[in-house]
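Residue numbers begin at 1 in each chain, while the letters A, B, ... track the order of the sequences.
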Amino acid sequence: MSELKVYNSYTRQKEVFRPITPGHVGMYVCGPTVSGESHLGHARPYITFDVIYRYLMHLGYKVRYVRNITDAGHFEEEGRAAEDKISKKAVLEKLEPMELVQKYTNLFHWAMKELNNLEPSIEPTATGHIVEQIDMIKKIIADGYAYEVNGSVYFDVKKYSENYPYGKLSGRIVDDLLETTRALEGQEEKRNKGDFALWKAVPPQHIMRWTSPWGQGFPGWHIECSAMSTKYLGTEFDIHGGGMDLLFPHHESEIAQSTICNKHSPARYWIHNNMITVNGRKMGKSYNNQIRLTEMFSGSHPLLAKGYSPMTIRFFILQTHYRSTLDFGNEALQAAEKGLRRLWEAYELLKKFSFDEFPEAKNKELDAKVVALLTDLDDFMNDDFNTAKVLANLFELVPVINSIHDKHQSPDVISTATLNMMKNYFTTYLENILGLTGDHYGDNGKLSGVMNLLIELRKEARAKKDYATSDKIRNQLQQLGILLKDEKDGNVSYSIE
RNA sequence: GGUCCUGUGGCCGAGUGGUUAGGCAGAGCUCUGCAAAAGCUCGUACAGCGGUUCGAACCCGCUCGGGACCUCCA
């Protein structure tokens with residue numbers, strides 16, 4: 001079997017994955033800022049890294065997956081009246097900051113659950129680690145790479161860049177950063193334009209504030225991730241992930257902070273997912289084109305023709321490689337919805353297959369093809385988590401399953417061993433690795449009882465050639481979104497939209 | 001302006017220098033009381049122009065288009 005290779009943003013190439021401690025993987029992923037509701041764009045990294053998390057565990061690694069909650073506000077925009085994002089909205093909504101944080105944290109957790117993302121091993125909050133952040137800032141000052149001005153502390157990028165490659169991760173040229181002509185206000189405290197805040201002093205009316213050696217204030221934008229990743233994963237860990245838009249300045253600055261404090265670049269492998277776009281443009285607050293997850297599920301948004309289930313969204317995202325942009329569109333979402341349904345229904349049929357033992361495949365060629373399609377899956381995942389290819393292969397197996405089920409092919413076209421292999425791989429890949437579920441295809445006991453009754457009545461009507469009645473049952477069920485399917489052997493199955 | 005990414009059939013999207021990605025939609029056929037579902041078959045796409053090569057969607061150059069980051073952003 002092939003080795004796992006991951007694309008490392010830091011080196012810009014695929015590299016064989018080797019954990020620092022054999023058998024163990026430490027992974028840190030930048031979590032949400034809980035000052036607002038998550039939108040579709042947020043679903044991508046958490047699904048991407050959920051699959052990576054699942055796959056690493058599948059490979060037998062013991063993984064510690066840390067994903068933070070950013071619940072301490074940072075500035076809205078550098079230079080502009082440095083307002084605390086969370087407290088600003090809190091005033092508008094007349095809520096306590098922590099009440100707001102709680103609300104959106106709960107909503108985020110709910111969405112993660114709907115999308116079937118596993119919980120991270122540790123989900124630390126920024127507000128819970130103010131002490132660690134302050135300690136880290138002290139250390140950076142002591143080492144001479146940060147300076148205090150009027151109660152705020154800034155990281156000295158120029159000095160750092162004299163000894164370390166600031167800008168390597170994001171492909172930035174330090175001189176450009178230092179000499180940026182960008183007209184920013186309130187920059188006079190900084191020695192150089194490229195410097196970034198480690199601690200920000202706040203005016204008295206600011207709600208979110210903590211006491212520090214430099215006065216009242218709140219931590220800078222990047223220090224929380226450095227502090228929390230160090231605390232829970234150590235000074236050097238395996239994977240650091242997040243959206244591509246975090247490359248600069250967030251991750252670049254994290255590297256700088258950790259390098260000074262820990263004498264180490266924090267992570268070996270930097271993994272970044274690409275963006276979800278709307279009409280080719282990134283979904284984000286800057287463009288005011290976000291569709292909240294609650295809206296995605298319910299369909300209550302002008303851009304949505306209908307609501308899409310969490311699994312449809314998960315599947316939609318996994319059909320694309322995580323490093324490609326993914327364009328939002330109703331047609332694409334509906335294609336995903338139908339495709340997932342077809343795949344899942346075939347999987348359900350496969351699970352129920354039970355035949356006599358067939359040690360020999362009647363169709364050796366087909367048997368070999370099935371085996372090849374299945375063994376490919378491991379290689380695809382090992383090749384930088386290519387979930388798109390995994391799904392493509394699984395789809396190629398759908399006609400094999402359906403044609404056996406429909407008796408277009410006899411069950412012994414493939415061997416029992418291959419059939420079992422297929423069952424195992426489908427479960428492993430669809431459920432365990434890709435994290436898909438079929439829950440919402442409705443199978444609660446009472447409904448199926450009612451359905452069986454209706455199916456029975458319809459069968460009787462058909463037997464009497466009372467097609468008016470049989471069609472009435474079928475058509476009205478269809479209007480309710482329940483599809484009846486007459487199968488070859490006289491059985492009737494149904495699926496719920 | 002700087003750095004980087006990208007342009008694939010109606011839509012979404014994989015992609016290795018030579019062989020079918022896949023999904024959805026569409027067409028035909030089979031099955032069927034009808035329908036649906038399912039099965040089989042099909043379109044032969046790779047922004048444009050050059051070049052490298054026996055051979056390029058995939059390598060190089062140019063042109064045109066789109067995007068990301070450079071500021072909070074997944």
Side-chain angles (χ1 to χ4, degrees), chain A residues 12 29-33 35-36 38-49 73-80 85 167 170-173 175-177 180-182 184 194 221 241-250 252 272-277 279-287 290 315-316 319-321 323-340 342-343 345-346 349 380 386-396 398-409 462 465 467 470-471 474-475 478 483-488 492-495:
Chain A
R12 290 157 205 245
V29 174
C30 290
T33 301
S35 60
S38 302
H39 62 246
L40 178 61
H42 292 109
R44 174 105 103 140
Y46 306 128
I47 288 171
T48 298
F49 288 101
H74 302 320
F75 349 126
E76 198 66 49
E77 198 169 285
E78 194 181 29
R80 231 196 252 175
K85 203 198 293 186
S170 55
R172 223 64 23 158
I173 296 161
D175 286 346
D176 293 349
L177 294 171
T180 175
T181 54
R182 199 180 177 80
L184 295 171
W221 341 335
M244 268 181 181
D245 49 355
L246 297 181
L247 269 164
F248 189 89
H250 187 59
E252 198 70 70
H272 292 95
N273 62 277
N274 214 134
M275 303 291 105
I276 288 181
T277 58
N279 296 322
R281 175 153 272 135
K282 173 184 165 185
M283 184 180 286
K285 70 178 173 217
S286 331
Y287 301 113
Q290 317 101 301
F315 180 82
F316 174 65
Q319 259 190 313
T320 307
H321 185 86
R323 282 192 292 111
S324 300
T325 54
L326 169 57
D327 201 47
F328 161 87
N330 280 291
E331 253 187 298
L333 258 323
Q334 279 166 36
E337 184 176 56
K338 288 185 186 173
L340 173 59
R342 199 164 93 92
L343 184 58
E345 286 180 352
L349 294 176
F380 292 158
N386 199 327
T387 56
K389 281 190 149 190
V390 167
L391 286 171
N393 270 26
L394 291 176
F395 266 110
E396 291 214 52
V398 168
V400 177
I401 296 167
N402 284 334
S403 56
I404 292 174
H405 172 259
D406 288 346
K407 304 190 168 54
H408 288 129
Q409 303 216 60
R462 291 181 71 204
K465 294 206 193 291
Y467 295 125
S470 69
D471 285 354
R474 189 181 64 205
N475 294 339
Q478 192 172 0
L483 237 57
L484 290 187
K485 295 175 244 184
D486 292 327
E487 306 201 3
K488 276 275 177 51
V492 180
S493 64
Y494 65 93
S495 62

Is there any protein nitrogen or oxygen under 3.5 Å from a nitrogen or oxygen in nucleotides 3-5 of chain B, and what are the pairs?
| from | atom 1 | to | atom 2 | distance (Å) |
| --- | --- | --- | --- | --- |
| B/U3 | O2' | A/G171 | O | 2.9 |

Pairs under 3.5 Å (N/O, protein and nucleotides 26-31 of chain B):
none

Next item on the list: Hey, which sits more toward the 5' end of RNA chain B by its nearest nucleotide, A/F316 or A/N279?
Entry: A/F316
Notebook entry, point to check: Do you know which of A/H250, A/E252, A/M244 makes side chain to side chain contact (heavy atoms under 4.5 Å, CB included) with A/S170?
Noted result: A/E252
Note to self: With a 4.0 Å limit, can you tell me whether A/N273 has a side-chain N or O closer than that to the phosphate oxygens OP1/OP2 of B/A74?
What the structure shows: no
Identify the pairs formed between an N or O of the protein and an N or O of nucleotides 46-48 of chain B at a distance under 3.5 Å, and give each distance.
none

Notebook entry, point to check: More 5' along RNA chain B: A/N393 or A/S324, using each one's nearest nucleotide?
Noted result: A/S324
Margin query: Could you tell me how far apart A/L333 (CG) and B/C11 (P) are, to the nearest whole angstrom?
Written below: 17 Å
Item checked: P-based separation of B/G15 from B/U44 [nearest Å] -> 25 Å
Note to self: So A/K338, base contact, sugar-phosphate only, or nothing? Heavy-atom distance under 4.0 Å.
What the structure shows: sugar-phosphate
Check: Under 4.0 Å between a side-chain N or O of A/R342 and OP1 or OP2 of B/C24?
Finding: yes
Check: Whom does B/U3 pair with, Watson-Crick or G-U wobble, provided both distances fall under 3.5 Å?
Finding: B/A68
Check: Has A/Y467 got its ring stacked on the base of B/G33, with centres under 5.5 Å and planes less than 30° apart?
Finding: yes
